[in-house]
Amino acid sequence: MLKCVVNGSNKLYGDVRVQGSKNASLPILAAAILCEGETVIHNIPDITDIGIMLNLLRELGCKVTEEGKSVIINSMELNCMYVRDELVAQMRSSIIILGALLSRGQDVKISYPGGCSIGLRPIDLHLKALKKLGADIREENGYIFCKATRLKGADISLDFPSVGATENIILASATAEGTCVIRNAAKEPEIIDLQGYLNACGARVSGAGTDTVTVTGVPKLRCSEYTIMADRIAAGTYMAACHMTGGDVFLRGVTREGIGAIYDTMLAAGADMREQRDGLRISSDGRVKPIDKLTTMPYPGFPTDMQPQISTMLCVADGVSIVKETIFENRFRHIVQLLKMGADITTEGNTAIIKGVSHLYGARVYAEDLRAGAALIIAALRAEGQSEIYGVNYILRGYDDIDGTLRALGADIKIVENIKEERASV
Ligand code: UD1
């Protein structure tokens, strides 16, 4: 078991090259199985969720070679259509592979992903849409069996702009017959990156980033080389850390437009934000302004994946902030841990009322999901004294070298093997 040890109160100064986006890499890696031959994808973050996706591709018969932050995928030998339960259990977004496999005209068996620590996360929208494209789908004993006859484009209107469902439909219709129109599509930048990759491979996708995406099927996709966009949530996490501790950090590879509502929220919270050539600069004296009302919404609204980190930053604001989580039911799991560090937060349903305090104190805290873990790290960076953060494996699912990155900015942080804890758990 790993633990993260932080001695707080250091200000952060320096440059960060923001890692490649986790949520763009995952569907693009799935898309690689649509291309015949070798496809090369650069700027893939070194995180455990990517490791799971690469293993999944290997199990399906793809040849996967990793070279630093680049991955070479050859899907010519794709021969297995069963996605093992363990892989789906480890990473719910394995479901994204479904659309791509159906697009290859294969019958697929995949276990039902069920809920996860942050919420119920059903996949009804994915399945309803794939059925509309002509897939024959049967759910039995916790498994989904999909028979792929030749898929045909359709007019699909999503009840909610689900990111994963939009991506699954795009993947399934990339080589389908005719044209698929997705209405009320998710508008997240990661969908634009998926469109960029697919079009580089010869697909005909348009409208990503708007609420109507059109995919005109092509007979096959060729291989290509593509570079993944920067991770806007990792960038936002380092911004929240810098504003909380004070300092001056340049985030290379991100743009104001790319991070949208995160930029505006940091400005509203009193950070000095500047767009410069090649990136964004944040400067802060560590004084955080409260935010009257912050509500998580689908893009271009404020992202749920930044809610725990911003809620944590607001713990030291000069006044009361109200944060409402509307996307996932169970995304306040960092709060009980923050209370141990001296935060003053109460919750009413999906709303957190955060009264700013002047000091946080080091404590032993437990991360129960990825972003809650990131939130605890930034709280520890501001806190007086030492904190120990457990549940580091969650954090490593989405952050590439988070301790090294923060150390380079001047933080006193390290991730270590917790030998005592390991013995205790034997
Ligand atoms: C993706 C992101 C995740 C982010 C989320 C919302 C990836 C790998 N993950 O997850 O980091 O937090 O978008 O921005 O990109 N829903 C249904 N039925 C469905 C699908 C979704 O009810 O069939 C609900 C979910 O339970 C949730 C909401 O829709 O309440 C948003 O989910 P969705 O946009 O699909 O998120 P994911 O694609 O799972």
Side-chain angles (χ1 to χ4, degrees), residues 26-36 56 60 75 78 80-83 88 92-113 121-140 143-188 190-199 201-221 298:
L26 291 169
I28 288 177
L29 288 170
I33 67 178
L34 299 181
C35 306
E36 293 181 15
L56 199 157
L60 297 175
S75 67
L78 189 85
C80 166
M81 291 305 130
Y82 168 48
V83 185
V88 183
R92 193 193 170 280
S93 47
S94 312
I95 194 69
I96 202 67
I97 211 81
L98 188 54
L101 288 175
L102 287 175
S103 203
R104 281 280 296 247
Q106 307 284 351
D107 294 351
V108 187
K109 177 182 171 190
I110 183 166
S111 69
Y112 197 90
R121 305 185 89 174
I123 52 161
D124 54 314
L125 302 174
H126 300 236
L127 299 184
K128 202 166 130 191
L130 294 174
K131 279 181 192 162
K132 236 181 151 188
L133 291 173
D136 177 8
I137 297 179
R138 191 163 47 89
E139 291 174 71
E140 213 173 277
Y143 287 97
I144 303 163
F145 296 88
C146 299
K147 235 183 174 6
T149 36
R150 180 102 172 94
L151 300 181
K152 266 201 188 129
D155 199 310
I156 296 168
S157 198
L158 291 173
D159 297 335
F160 179 88
S162 154
V163 175
T166 303
E167 292 166 346
N168 241 334
I169 303 167
I170 294 174
L171 291 171
S173 47
T175 57
E177 225 178 284
T179 297
C180 175
V181 180
I182 312 165
R183 299 181 200 279
N184 198 24
K187 298 188 276 232
E188 270 68 1
E190 292 76 15
I191 313 256
I192 303 178
D193 221 26
L194 176 62
Q195 168 178 286
Y197 171 72
L198 286 169
N199 287 349
C201 299
R204 288 177 61 201
V205 186
S206 59
T210 74
D211 59 8
T212 307
V213 177
T214 305
V215 186
T216 302
V218 295
K220 54 170 130 172
L221 295 185

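Residues: numbered from 1 along the sequence shown.
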Asker: Considering non-hydrogen atoms only, spot the tightest contact between Ile123 and Arg92 and give its length.
Answerer: CG2-NH2, 3.3 Å
Asker: State, yes or no, whether a side-chain contact exists between Val215 and Ile169 at a heavy-atom distance under 4.5 Å.
Answerer: no
Asker: With rounding to the nearest 0.5 angstrom, report the OG to CD1 distance, Ser157 to Ile182.
Answerer: 10.5 Å
Asker: Mind listing the closest non-hydrogen atom pair of Ala176 and Gly153 along with its distance?
Answerer: CB-N, 4.4 Å
Asker: Test your reading of the model: is there a side-chain donor-acceptor pair from Ser75 to the backbone of Cys35, 3.5 Å cut-off?
Answerer: yes
Asker: Answer yes or no: is there a side-chain heavy-atom contact under 4.5 Å between Leu60 and Ile97?
Answerer: yes
Asker: Using modelled atom types and a 3.5 Å cut-off, is there a donor and acceptor pairing between side-chain atoms of Asn184 and backbone atoms of Leu158?
Answerer: yes
Asker: Please check if the side chain of Thr166 supplies one atom and the backbone of Ala185 the other of a donor-acceptor pair under 3.5 Å.
Answerer: no
Asker: Is the closest side-chain heavy-atom distance between Arg121 and Pro113 below 4.5 Å?
Answerer: no
Asker: Is there side-chain contact between Leu34 and Leu198, with heavy atoms separated by less than 4.5 Å?
Answerer: yes
Asker: Verify, without hydrogens or angle tests, whether Ser173 (side chain) and Cys180 (backbone) share a donor-acceptor contact under 3.5 angstrom.
Answerer: no
Asker: Using atom types as modelled and distance alone, determine if a side-chain donor or acceptor of Glu167 lies under 3.5 Å from a backbone N or O of Pro27.
Answerer: no
Asker: Report yes if the side chains of Ile191 and Glu188 come closer than 4.5 Å at any heavy-atom pair, otherwise no.
Answerer: yes
Asker: On a heavy-atom basis, which atom in Ala154 and which in Leu133 lie closest, and how many Å separate them?
Answerer: N-CD2, 3.8 Å
Asker: At their closest point, which heavy atom of Tyr197 faces which heavy atom of Ala32, and how far apart are they?
Answerer: OH-CA, 3.5 Å
Asker: In chain order, what residues pass the salt bridge (charged side-chain N to carboxylate O under 4.0 Å, His left out) check against Lys128, with sequence neighbours excluded?
Answerer: Asp159
Asker: Is there a donor-acceptor contact under 3.5 Å from the side chain of Arg104 to the main chain of Ile33?
Answerer: yes
Asker: A side-chain contact here means heavy atoms from C-beta on lying under 4.5 Å apart; do Arg183 and Asp211 qualify?
Answerer: no
Asker: Can you name the closest pair of heavy atoms from His126 and Ser162 and give their distance?
Answerer: NE2-OG, 4.1 Å
Asker: Between the side chain of Lys109 and the main-chain N/O of Met81, is any donor-acceptor distance below 3.5 Å?
Answerer: no
Asker: Are there more than 12 heavy atoms of other residues, nucleotides or ligands under 6.0 Å from atom CZ of Arg204?
Answerer: no
Asker: Do the side chains of Glu190 and Leu26 get nearer than 4.5 Å, heavy atoms only?
Answerer: no
Asker: If you define the side chain from C-beta out and look only at heavy atoms, does anything of Asn168 sit under 4.5 Å from Ile96?
Answerer: yes
Asker: Which residue in the set Leu127, Ile110, Val88 passes side-chain contact (heavy atoms from CB on, under 4.5 Å) when paired with Ile95?
Answerer: Ile110
Asker: side-chain contact (heavy atoms from CB on, under 4.5 Å), that's the test. Do Leu130 and Cys146 meet it? Break it down for me.
Answerer: CA-CA 9 Å; Leu130 294 174; Cys146 299; 5.6 Å; no
Asker: Quick one: closest heavy-atom pair of Leu221 and Gly202, and the distance?
Answerer: CD2-C, 3.8 Å
Asker: Looking at Ser103, is its backbone amide N or carbonyl O close enough to the side chain of Thr175 to form a donor-acceptor pair, meaning the two atoms are under 3.5 Å apart?
Answerer: yes
